[in-house]
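Each chain gets a letter, A, B and so on, in the order the sequences are listed, and its residues count up from 1.
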There are 2 protein chains.
Amino acid sequence: MTAGGRGGLAAALEQVGQRWALLVIAELLDGAQRYGDLQRSLGVPTNILATRLKELQEAGVVVRVPMSHNVLAYELTDRGRGLAGAIAELARWGEPAEQP
Amino acid sequence: MTAGGRGGLAAALEQVGQRWALLVIAELLDGAQRYGDLQRSLGVPTNILATRLKELQEAGVVVRVPMSHNVLAYELTDRGRGLAGAIAELARWGEPAEQP
DNA sequence: CTGCATCCGGAATGATACTG
DNA sequence: CAGTATCATTCCGGATGCAG
């Protein structure tokens with residue numbers, strides 16, 4: 001039953017195909033970040049960021065980890081880090097063509 | 001100036017991050033297809049498909065190629081085929097975990 | 001001060017009817 | 001067959017409010 005890919009791709013896009021989702025994950029690939037840091041470094045609206053982080057947690061891509069008391073951060077799960085390859089490919093594809 | 005990836009990723013998502021865009025491209029990876037074929041195999045609304053195909057042409061990802069007289073099809077450009085890796089990674093990530 | 005929730009206008013999406 | 005036109009629904013984005 002090789003799902004072929006169409007189904008897998010559709011499933012992937014349902015989980016991380018929303019606007020800003022892959023950008024948030026790409027930021028978290030550099031390490032855990034706090035809410036405000038993600039907001040400032042990405043320039044994403046606060047309501048969208050809150051919604052995405054909630055959805056990504058339900059998808060098992062991101063987890064909320066407490067640091068010191070009163071301070072918490074968001075971190076990728078193993079499943080979330082599994083997107084590193086796809087993100088790298090997309091990023092390389094999107095880079096302006098450079099002639100050596 | 002290693003564009004790093006954030007910029008490249010954002011640029012990629014602006015071109016192929018819209019809904020259905022990557023699914024259309026994935027279908028075209030199997031070879032050129034006609035409008036009605038894409039519509040039926042993907043189940044995408046006709047107005048969305050028309051819009052995406054127009055945008056993907058402007059992005060240089062897809063070209064409209066005439067076949068026999070009165071029949072035309074959509075085909076990926078080299079740039080479009082450059083997304084094969086990213087799509088394969090996403091599809092594999094989205095596949096349900098299979099335990100043998 | 002950080003981490004969200006709410007409200008609202010505008011853009012994107014989807015279902016369907018219509019045209020060359 | 002290959003789209004375009006129209007309208008309802010949903011999503012997104014910016015401003016703002018509010019609790020811990």
Quickly work out the [X] [atom1] to [N] [atom2] distance and round it to whole Å.
X	N	atom1	atom2	result
A/R52	D/dC11	CZ	C1'	8 Å
B/W20	C/dT13	CH2	P	11 Å
B/N70	D/dG3	CG	C1'	14 Å
A/L49	D/dG13	CG	P	12 Å
B/L13	C/dA12	CG	P	15 Å
B/K54	D/dT4	NZ	P	4 Å
B/L53	D/dA2	CG	P	11 Å
B/Q39	D/dG3	CD	P	10 Å

5' precedence on DNA chain C between B/T46 and B/E55 (nearest-nucleotide basis):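 Closer to the 5' end of DNA chain C: B/E55.
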Using the closest heavy atom to pick a nucleotide of DNA chain C for each, name whichever of A/R19 or A/A73 lands nearer the 5' end.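 Nearest-nucleotide comparison on DNA chain C picks A/A73.
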Taking the side chain of [X] as heavy atoms from C-beta outward, which of [options] is closest to it?
X	options	value
B/Q18	C/dA5, D/dT4, C/dT13	C/dT13
B/I48	C/dG14, D/dC12, D/dA2	C/dG14
A/Y35	D/dA2, C/dG14, C/dG3	C/dG3
A/R34	C/dG14, C/dT2, D/dA2	C/dT2
B/Y74	D/dC1, D/dG3, C/dC4	D/dG3

Does a side-chain heavy-atom distance below 4.5 Å link A/Y74 with A/L53?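 Yes. Closest side-chain heavy atoms under 4.5 Å.
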Just by distance, do the side chain of [X] and the backbone of [Y] share a donor-acceptor pair under 3.5 Å?
X	Y	answer
B/S68	B/V71	no
A/R81	A/L76	yes
B/R52	B/R19	yes

Within 6.0 angstrom of A/E14 CD, more than 12 heavy atoms from elsewhere: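 Not more than 12 within 6.0 Å, no.
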Determine whether a donor-acceptor pair (one donor, one acceptor, N or O, separation below 3.5 Å) exists between the side chain of A/N47 and the base of D/dG14.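 Checked by distance alone, the answer is yes.
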Pick base, sugar-phosphate or nothing for A/R64, based on heavy-atom distances below 4.0 Å to the nucleic acid.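 Sugar-phosphate contact only - A/R64 comes under 4.0 Å of backbone atoms but never of a base.
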